[in-house]
Amino acid sequence: MTASGRRPTAVIVGASVGGVRTAKALRSAGYAGEIVLVGAEDHLPYDRPPLSKTFLAGTATREDLTLLTEDAADAARIRLELGTPATAVDVAGRAVELADGRRLGFDELVIATGARPRPSPWGAPRGLHVLRTLDDGLALREDLGRGGPLVVIGAGFVGAEIAATAAEIGGPAGVTLVDPMPVPLSRVLDPAVARRFADLHTGRGVATRFGAAVTGVETSGDGLVVRLDDGTGLPAATVVVGIGAVPNDGWLRGSGLTIADGVVCDRYCRARGAPNIHAVGDVARWFHPRRRTLVRAEHWTNAVEQADRVAHNITHPDDLQAHDPVEYIWTDQYDWRIQLVGRTGGSLDHVTLSGADPDRSFAVLYAHSSGDFAGAVTVNWPRAVIACRKALHAPVSLDTVRETITAAASRRPRAGMPGR
């Protein structure tokens with residue numbers, strides 16, 4: 001009970017994986033007060049990563065994406081407030097203001113509003129899409145079903161996944177992936193490694209225009225034309241713009257919270273100057289203890305781990321635990337499961353190890369200038385990624401990690417024993 005004799009209330013704004021995981025983790029950790037989960041969309045909370053893969057391909061349904069059903073919410077005593085976005089926070093008055101004029105009082109507030117796609121600088125003509133929400137996915141899937149060429153602008157994770165999915169389902173009459181950088185995934189991979197992923201797309205029939213900047217998207221007849229800086233035009237029935245994301249923090253302007261590329265938090269994910277307000281997921285910019293700087297991570301695993309940490313810190317205020325994650329990202333493109341751990345790309349030194357099938361199973365290990373292991377990119381090699389994630393919990397040399405992976409790869413199951 002609070003000092004006034006009422007039950008405490010935790011309000012969570014944002015009903016994607018970060019918000020849902022926080023709500024569930026609070027109950028699991030013994031939070032006895034009321035939990036209110038606020039979502040801007042009318043849909044039940046759902047998982048976003050499948051939107052560019054199985055949902056776009058039509059092999060996953062809305063129900064397959066659902067993170068929290070009404071029955072499960074009732075069983076966990078989580079009150080759902082869906083379809084009405086939050087518009088402001090009254091920090092001093094401890095209340096969240098909703099678009100319909102209501103105010104939700106809170107003792108603890110968790111901000112989990114994620115990020116939204118960076119808007120298209122070329123307008124929004126019919127046939128041009130971004131992908132973030134379930135409704136975005138439904139609209140894109142419908143347009144792809146009509147056929148015609150697809151142009152994807154941006155070869156980051158989402159753009160590459162959409163291009164791969166579209167090429168596999170065979171609906172569009174040709175897929176072109178465009179990016180101003182000379183290689184895909186340039187933010188996390190060095191050029192030599194990234195070229196293997198460029199070859200992956202071209203080998204599956206995707207046309208690539210890397211090193212080409214888009215200067216405009218024009219309507220032409222019943223379709224579109226994507227104009228490039230070399231003067232060429234790419235005809236398209238559908239265009240997807242995937243040029244990054246920005247945190248959904250605009251609704252917090254004027255709240256008094258520190259907002260700078262997300263909600264600025266301490267190592268415990270508490271908003272600066274407001275210890276009863278927390279942030280998780282893409283909208284959180286927290287002080288990373290090992291990296292000694294503010295970090296904002298747009299990755300599913302980080303949102304899940306951060307939510308668990310925030311739930312612990314709310315329910316155990318005398319045993320605060322810092323959020324000190326080992327970076328982990330994955331992406332599925334065609335039949336490649338690509339996993340990244342730790343720090344990769346840039347000017348880091350690296351070595352490449354081949355798995356059982358060198359053409360589709362390999363690991364790239366990265367090292368700091370000191371020789372310490374920094375991170376890895378693995379493709380279709382589960383044992384390698386497990387070893388790399390374990391190695392990042394304490395300083396260890398790249399040579400040691402390489403020896404560990406090589407030794408594990410050389411072992412074969414004994415006759416009559418199943419492999420692992």
Side-chain angles (χ1 to χ4, degrees), residues 14-21 39-70 72 80 82-83 112-118 120 124 127-173 175 177 184-185 200-201 204-206 236-245 248 281-282 298-304 329-339:
S16 193
V17 65
V20 171
R21 185 61 176 255
E41 299 177 63
D42 290 324
H43 307 291
L44 285 170
Y46 60 90
D47 209 11
R48 297 187 191 277
L51 291 176
S52 57
K53 299 184 280 287
T54 54
F55 185 77
L56 189 60
T59 58
T61 65
R62 298 190 197 194
E63 290 72 24
D64 294 329
L65 273 59
T66 300
L67 292 169
L68 185 67
T69 65
E70 291 182 349
L80 298 178
L82 304 178
T113 43
R116 64 188 183 280
R118 196 176 298 279
S120 161
L128 185 145
H129 299 260
V130 295
L131 182 61
R132 177 67 180 179
T133 68
L134 182 59
D135 289 339
D136 292 338
L138 290 167
L140 176 57
R141 193 166 71 178
E142 182 178 354
D143 272 8
L144 291 182
R146 296 193 179 105
L150 167 68
V151 175
V152 181
I153 303 172
F157 288 112
V158 172
E161 289 173 356
I162 291 171
T165 301
E168 285 198 302
I169 62 178
V175 179
L177 183 59
L185 304 176
L200 171 66
H201 286 281
R204 304 301 177 97
V206 173
T238 305
V239 173
V240 180
V241 177
I243 55 174
N248 274 324
D282 297 4
E298 297 174 3
H299 308 305
W300 189 94
T301 304
N302 177 72
V304 168
I329 316 165
W330 86 93
T331 174
D332 294 322
Q333 298 175 30
Y334 310 103
D335 57 349
W336 282 25
R337 165 59 63 93
I338 305 161
Q339 295 168 285

Distance-minimising heavy-atom pair for [X] and [Y]:
X	Y	value
V20	P45	CG2-CB, 3.5 Å
L56	L51	CB-O, 3.3 Å
G281	A303	CA-CB, 3.8 Å
V206	A163	CG2-O, 4.2 Å
A166	L150	CB-CD2, 3.4 Å
A112	G19	CB-N, 3.7 Å

Does the side chain of [X] reach to within under 4.5 Å of the side chain of [Y], using non-hydrogen atoms?
X	Y	answer
T301	W330	yes
I329	W300	no
L80	L44	yes
D335	R204	yes
E41	L82	no

When rounded to the nearest 0.5 angstrom, what distance separates [atom1] in [X] from [atom2] in [Y]?
X	Y	atom1	atom2	answer
I338	F157	CD1	CZ	8.0 Å
F55	L131	CZ	CG	9.5 Å
L140	L128	CG	CG	10.5 Å

task = Identify which one of E168, H201, E161 satisfies the side-chain hydrogen bond (donor to acceptor under 3.5 Å, both in side chains) criterion when paired with Y334.
result =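 The single option meeting the side-chain hydrogen bond (donor to acceptor under 3.5 Å, both in side chains) with Y334 is H201.
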
Is the shortest side-chain N to carboxylate O distance from [X] to [Y] below 4.0 Å?
X	Y	result
K53	D332	no
R48	D136	no
D282	R132	yes

Can you check whether [Y]'s main-chain N or O pairs, donor with acceptor, with [X]'s side chain at less than 3.5 Å?
X	Y	result
T61	D64	yes
S120	V241	no
N248	T113	yes
T59	T54	yes

Intermediate values then yes/no, side chain to side chain contact (heavy atoms under 4.5 Å, CB included), H43 and D135 = CA-CA 9 Å; H43 307 291; D135 289 339; 2.9 Å; yes

ask   = Under the side chain to side chain contact (heavy atoms under 4.5 Å, CB included) criterion, do T238 and H129 qualify, and how do the steps go?
value = CA-CA 8 Å; T238 305; H129 299 260; 3.7 Å; yes

message = If you apply the rule side chain to side chain contact (heavy atoms under 4.5 Å, CB included), what do you find for T331 with W336, and how did you get there?
response = CA-CA 8 Å; T331 174; W336 282 25; over 6 Å; no

Within 45° cone and under 6.0 Å: R62 NZ/CZ vs Y46 ring =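 That pair does not qualify as a cation-pi contact.
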
